[in-house]
Amino acid sequence: DGGITQSPKYLFRKEGQNVTLSCEQNLNHDAMYWYRQDPGQGLRLIYYSQIVNDFQKGDIAEGYSVSREKKESFPLTVTSAQKNPTAFYLCASVRDRASNQPQHFGDGTRLSIL
Amino acid sequence: QQQVKQSPQSLIVQKGGISIINCAYENTAFDYFPWYQQFPGKGPALLIAIRPDVSEKKEGRFTISFNKSAKQFSLHIMDSQPGDSATYFCAASKEADKLIFGTGTRLQVFP
């Protein structure tokens, strides 16, 4: 079955530590997205990538970094500069942005501060 | 102008009743309006979507009503069931641009 796999499901970060969240898709989708979900605030876009080796900042990119070296993979690094990282992180993909097809989501990673 | 406002924040409905969630937008360039359903600990899943050239779309017990002049759209869940208890998000986008999500509605359906 095709889908999006996010790992780990739960992650704990110490002060001053960078952590990386994994997102892998086998849907052969070109575009991938990272969202942050906080209670009562819906989903906010962190970064997105339309194609390999290219990505753009979303609405809340500060304190985060991404890479897109392979079509299937779009890892998100939460850096020590992100002072309030506790949230539910969701990865999504779509075949291509021009198709305006619905985004498919993974089951998320819950990040907490130790 | 990029916001999508969603209400209510939470909703309690008796089994068999109708659940109604409303969204409003400002950007008249938006041309794609999906609704997502999210269960605890899971990612959102597309429920139903509409484009502004139609005023209503129905899929099973789920209906989207769209009012272009009022810049509003709503989700109606007929014959609500306990299994429908979840958080629902509306969203909007312009052409192939990124989705703008509403803040979500937590629906609880009691037997």
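Here is the naming used below: chain letters follow the sequence lines, and residue numbers restart at 1 for every chain. Note that these values count all heavy atoms, side chains included, but never hydrogens, waters or copies made by symmetry.
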Chain A contact residues among residues 102-109 of chain B, heavy-atom distance under 4.5 Å: B:Gly102, B:Thr103
Sequence-distant partners of B:Tyr88, ring-ring contact (aromatic ring centres under 6.0 Å, His included), two or more places apart: none
Residue B:Gln6 versus chain A: region with a heavy atom under 4.5 Å: neither
B:Lys42 to A:Phe88 - nearest heavy-atom pair and separation: O-CE2, 3.8 Å
Path from A:Phe74 to A:Leu111 over hydrophobic side-chain contacts below 4.5 Å: yes
Expected output: side-chain B:Tyr36 to main-chain A:Gln103 donor-acceptor under 3.5 Å: yes
A:Lys9 (side chain) donor-acceptor with B:Gly41 (main chain) under 3.5 angstrom: yes
Chain A contact via B:Pro44 - side chain, backbone, both or neither, heavy atoms under 4.5 Å: both
hydrophobic_cluster_shared for B:Val54 and B:Ile64, side chain cutoff 4.5 Å: yes
B:Glu59 CD: over 12 foreign heavy atoms closer than 6.0 Å: yes
Structural part of A:Asp59 lying under 4.5 Å from a heavy atom of chain B: side chain
A:Leu43 versus chain B, the contacting section by heavy-atom distance below 4.5 Å: both
Side chain / backbone / both / neither for A:Gln37 at chain B, heavy atoms under 4.5 Å: side chain
Verify same cluster id: A:Tyr35, A:Tyr89 (apolar side-chain graph, 4.5 Å): no
Trace of the side-chain contact (heavy atoms from CB on, under 4.5 Å) decision for A:Arg44 with B:Ile100: CA-CA 8 Å; A:Arg44 293 182 291 167; B:Ile100 308 296; over 6 Å; no
Joint cluster assignment, A:Phe55 & A:Trp34, ILVMFWY side-chain distance < 4.5 Å: yes
Same cluster (ILVMFWY, side-chain, under 4.5 Å), A:Met32 and A:Leu45: no
Distance in Å, B:Leu99 CG paired with A:Tyr48 OH, rounded so as to fall on 0.5 Å steps: 12.0 Å
Neighbour count above 12 (heavy atom, 6.0 Å) for A:Ile51 CD1: no
Trace of the side-chain contact (heavy atoms from CB on, under 4.5 Å) decision for B:Phe39 with A:Asp107: CA-CA 10 Å; B:Phe39 293 104; A:Asp107 281 339; over 6 Å; no
